[in-house]
Amino acid sequence: MPAEQILERLMREYGDSVFRMCYLYLKDYYLAEDATQETFIKAMKSYDSFLHNSNEKTWLIRIAINSCKNIMRTKWFRFPMMSIDDQQYITVDHSIEDIIEKDSIVKAIMSLNKSDREIIILYYYQELSVREISFITGKKENAINQQLKRSREKLKNYLKEDDYER
């Protein structure tokens, strides 16, 4: 299969997931677009060496996380940025209650430390298994399970403090 077709297929199947991962990681729409683009460029350059030890989504998410980390290491990233509170969530299909609920959950996730946030995003937003998260992060499955448990408890406490009813 030609490289262009492989790239199109990867972007069609996993583009939204990779972008969401990057956005939640970087908290900036434009940086997430850059990281997503960088992810697919790196994936195309190294697709021939992909050993299929994991599925393609897991492999791409790992590349995306590394791309996000590279962006976060730059001096530019350290400049003051618009916080997630300042960004507008404008959707036509959702009621204001849905937007407020989603905003509370996103704020709670963003309040976690980087490692806990990464695990929650991979597990709930990317719907990856503990085994896949273990592969991406290089941590043992038992450690992932423990971290998920602690992270859920932190989120629960944060949402209680924020008077989140669900």
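Bear in mind that the values here come from a model prediction, so they are computed numbers and not experimental data.
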Measure the spacing between NZ of K57 and OG of S17 and express it to the nearest 0.5 Å.
4.0 Å
What's the spacing between S111 OG and L155 CG if we round to 0.5 Å?
6.5 Å
What is the minimum heavy-atom distance between A35 and I71, and which atoms define it?
CB-CD1, 3.6 Å
Hydrophobic cluster membership, I41 vs Y47, 4.5 Å side-chain cutoff:
no
Hydrogens and angles aside, do N70 and S67 bring a side-chain donor and acceptor to less than 3.5 Å of each other?
no
Just do the salt bridge (charged side-chain N to carboxylate O under 4.0 Å, His left out) check on R62 and E132 with the steps written out, would you?
CA-CA 10 Å; R62 187 176 196 173; E132 291 170 320; over 6 Å; no
Can you establish whether the number of heavy atoms outside F40 located under 6.0 Å from its atom CZ is more than 12?
yes
Within the side chain of T137, is there an N or O that forms a donor-acceptor pair under 3.5 Å with the backbone of I133?
yes
Separation of I109 CD1 from I119 CD1 (nearest 0.5 Å)
13.0 Å
For residues Y14 and Q126, is any side-chain donor paired with an opposing acceptor at under 3.5 Å?
no
Identify, with sequence neighbours excluded, every residue that meets side chain to side chain donor-acceptor pair (under 3.5 Å) alongside Q147.
S115, D116, K139
Within the 6.0 Å centroid threshold, strictly below: Y25 and Y125:
no
Here the gap from S46 atom OG to M44 atom CE, rounded to the nearest 0.5 Å, amounts to 9.0 Å
Check the pair L122 / I65 against side chain to side chain contact (heavy atoms under 4.5 Å, CB included), numbers first and verdict last.
CA-CA 10 Å; L122 291 172; I65 288 172; 3.9 Å; yes
Return the minimal non-hydrogen interatomic distance between C22 and T36, and the atom names on each side.
SG-OG1, 3.9 Å
List the steps and the verdict of side chain to side chain contact (heavy atoms under 4.5 Å, CB included) for E141 and Q146.
CA-CA 9 Å; E141 289 180 38; Q146 289 298 315; over 6 Å; no
Can you tell me how far apart CE (M11) and CG (L60) are? Round to the nearest 0.5 Å.
11.0 Å
Evaluate side chain to side chain contact (heavy atoms under 4.5 Å, CB included) for I120 paired with L148, printing each intermediate quantity in order.
CA-CA 7 Å; I120 292 292; L148 263 173; 4.2 Å; yes
Worked verdict on I63 versus W59 for side chain to side chain contact (heavy atoms under 4.5 Å, CB included):
CA-CA 6 Å; I63 294 171; W59 177 67; 3.7 Å; yes
Which residues satisfy the side chain to side chain donor-acceptor pair (under 3.5 Å) test with E38, sequence neighbours excluded?
K42
Just how far is it from atom NZ of K27 to atom CG of L24, taken to the nearest 0.5 Å?
10.0 Å
So, R152 and Y124: side-chain donor and acceptor under 3.5 Å apart, yes or no?
yes
Applying side chain to side chain donor-acceptor pair (under 3.5 Å) to D16 and not counting sequence neighbours gives none
Taking the side chain as C-beta and beyond, is there a heavy-atom pair between E13 and E8 under 4.5 Å?
no
